[in-house]
Amino acid sequence: MPGVIDQAVQVRLIATAPGPHAVPAVLHYQPGNPLAVRMSFPPEISLDGAAVDWAFARELLHDGLRGPAGQGDVRVRPSGPDRTVMEFHAAEGIAMVQLRTADVRLFLARSYEAVPAGREQTQFAVERGLAELFGAV
């Protein structure tokens with residue numbers, strides 16, 4: 001069974017201050033939670049100095065490569081042929097980052113190798129069954 005997929009990406013913060021600020025981030029996918037992906041940001045970019053994780057649907061990331069997607073806390077849209085913009089909405093405000101579309105496509109391809117689109121529920125049932133078998137539930 002495939003393991004966790006982590007992919008380092010470089011994101012550019014889109015802010016009102018002049019010049020974009022490049023920071024590292026990591027996209028995460030766990031076959032045991034096949035519908036979701038996470039994006040982790042380092043502490044230095046948050047207002048309170050703590051690392052930040054956002055969880056959202058893998059399908060949202062996929063759909064956002066083709067056109068604007070999302071209506072909630074996380075929104076994704078293309079920005080030209082080579083970039084993707086992600087918006088993260090919180091009570092404190094909105095953070096926008098831009099990343100290379102090729103990095104997103106690679107990450108999604110790796111996640112679909114682990115759990116093909118449309119097979120997420122089957123994968124979830126397998127993971128749950130294994131957890132029950134080994135007494136982890």
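All residue numbers refer to positions in the sequence shown, counting from 1.
- Across Val85 and Ser79, no two heavy atoms sit closer than the pair CG2-CB, 3.5 Å.
- Nearest heavy-atom pair, Gln10 versus Ala22, reported as atom, atom and distance to 0.1 Å: NE2-CB, 3.6 Å.
- Considering all non-hydrogen atoms of both residues, Pro42 and Pro24 come closest at CD-O, 3.0 Å.
- Among the candidates Val76, Asp103, Val97, the single residue satisfying the side chain to side chain contact (heavy atoms under 4.5 Å, CB included) test with Thr84 is Val76.
- Taking every heavy atom of both residues into account, Pro78 and Pro68 meet most closely at CD-N, 4.1 Å.
- Ring-plane geometry between Trp54 and Phe88 is classed as tilted, the angle between the planes lying from 30 to 60 degrees on a 0 to 90 degree scale.
- No path of Ile, Leu, Val, Met, Phe, Trp and Tyr side chains, each step under 4.5 Å between heavy atoms, connects Val26 with Val104, placing them in separate hydrophobic clusters.
- Residues Glu87 and Arg77 are in side-chain contact: their nearest non-hydrogen atoms beyond the backbone lie under 4.5 Å apart.
- Counting only distance, with no hydrogens or angles, the side chain of Tyr29 and the backbone of Asp6 share no donor-acceptor pair below 3.5 Å.
- A continuous path of Ile, Leu, Val, Met, Phe, Trp and Tyr side chains, each step under 4.5 Å between heavy atoms, connects Val11 with Val52, placing both in one hydrophobic cluster.
- Atom CG in Leu27 sits 6.5 Å away from atom CD in Gln7 (nearest 0.5 Å).
- In summary, the side chains of Arg58 and Ser111 do present a donor paired with an acceptor at a separation below 3.5 Å, with no hydrogens or angles considered.
- In summary, the side chains of Asp53 and Ser40 do present a donor paired with an acceptor at a separation below 3.5 Å, with no hydrogens or angles considered.
- At least one side-chain heavy atom of Met39 sits less than 4.5 Å from a side-chain heavy atom of Val9.
- One hydrophobic cluster, built from ILVMFWY side chains closer than 4.5 Å, holds both Phe56 and Tyr112.
- Between the CZ atom in Arg83 and the CZ atom in Arg12 there is a gap of 6.5 Å [rounded to 0.5 Å].
- The minimum heavy-atom distance between Ala114 and Ile5, with the atom names listed, is CB-CD1, 3.9 Å.
- Side-chain N/O atoms of Gln30 and His28 include no donor and acceptor closer than 3.5 Å.
- No side-chain heavy atom of Met86 sits under 4.5 Å from any side-chain heavy atom of Arg75.
- The minimum heavy-atom distance between Val115 and Pro34, with the atom names listed, is CG1-CB, 4.0 Å.
- Residue Glu44 places its CD atom among more than 12 non-hydrogen atoms of other residues, nucleotides or ligands, all under 6.0 Å distant.
- Between atom CG of residue Asp73 and atom CD1 of residue Ile94 there is a gap of 10.5 Å, rounded to the nearest 0.5 Å.
- Judged by distance alone, with hydrogens and angles left aside, the side-chain atoms of Arg110 form no donor-acceptor pair with the main-chain N or O of Leu106 at under 3.5 Å.
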